[in-house]
Amino acid sequence: MQHSATHPTAALPCTPPPRAHTRCAEGCDEGETAYRETAEPATPLPRTLQVGVAPLAPGSVAVSAAEAGFWSSATAKFLWILDGVLFLTNADGSSRRCVAGDTAVLPAGWTGLVDTVQPARVVWVDVD
């Protein structure tokens with residue numbers, strides 16, 4: 001059974017994390033899928049989670065493996081833009097404009113450039 005949900009501020013649908021599946025050998029009801037979900041997730045849960053609200057002043061920050069502090073790429077970071085305008089530019093040069101209501105996920109190890117064009121506030125979640 002596939003589940004999907006749409007976050008009111010997300011542009012793309014999101015799905016829950018994958019779960020471990022076991023194949024129905026016998027006893028599947030007619031019309032039931034060939035797999036059943038088990039209660040345990042296929043991937044381990046995060047060890048630590050940090051949440052906060054951060055003001056971002058206009059300017060540019062290069063995010064790299066050597067960066068320490070708020071923009072450290074050592075952890076995955078979820079951003080929800082409350083107000084302001086910023087651009088996230090990946091190391092390959094592709095970029096995304098983020099405004100109030102947008103969300104973004106920067107995976108652990110992400111490198112690139114964060115350009116804050118107008119003062120912004122973001123809700124952030126770091127996942128280790």
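Along the sequence shown, residues carry numbers from 1.
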Quiz item: Linking I/L/V/M/F/W/Y whenever any side-chain heavy atoms sit under 4.5 Å apart, do Phe87 and Ile81 land together?
Solution: no

Exercise. For residues Leu106 and Trp71, report the shortest heavy-atom separation together with the two atoms involved.
Key: CD1-CZ3, 4.0 Å

Quiz item: If Ile, Leu, Val, Met, Phe, Trp and Tyr residues are connected whenever their side-chain heavy atoms lie under 4.5 Å apart, and connections chain through other members, are Leu82 and Phe78 in the same group?
Solution: yes

Quiz item: Measuring from Arg121:CZ to Asp83:CG, what's the distance to the nearest 0.5 Å?
Solution: 4.5 Å

Quiz prompt | Qualifying residue for side chain to side chain contact (heavy atoms under 4.5 Å, CB included) with Asp115, from Pro58, Ser95, Ser60 | solution = Ser60

Quiz item: Is there a donor-acceptor pair under 3.5 Å between the side chain of Asn90 and the backbone N or O of Asp92?
Solution: no

Self-check item: Residues Leu86, Val122; criterion side chain to side chain contact (heavy atoms under 4.5 Å, CB included); working and verdict
Solution: CA-CA 10 Å; Leu86 58 104; Val122 298; 4.2 Å; yes

Exercise. Establish whether Trp80 and Val85 are linked, either directly or via other cluster members, by ILVMFWY side-chain heavy-atom contacts under 4.5 Å.
Key: no

Quiz item: Given the rule that I, L, V, M, F, W and Y join up when any side-chain heavy atoms are under 4.5 Å apart, are Val61 and Leu113 in one cluster?
Solution: no

Self-check item: Nearest atoms (heavy-atom pairs only) where Ala74 meets Ala108
Solution: O-CB, 3.9 Å

Practice problem: Taking the side chain as every heavy atom from C-beta outward, state whether Thr75 and Gln50 have any pair of such atoms under 4.5 Å apart. | Solution: no

Practice problem: Determine, for Trp110 and Lys77, whether the Lys NZ or Arg CZ falls below 6.0 Å from the six-membered ring centre while staying within 45 degrees of the axis. | Solution: no

Quiz item: Where do Ala57 and Thr116 come nearest, in terms of heavy atoms and distance?
Solution: O-CB, 3.3 Å

Exercise. Tell me whether Leu56 is reachable from Val99 by hopping between hydrophobic residues (I, L, V, M, F, W, Y) whose side-chain heavy atoms are closer than 4.5 Å.
Key: no

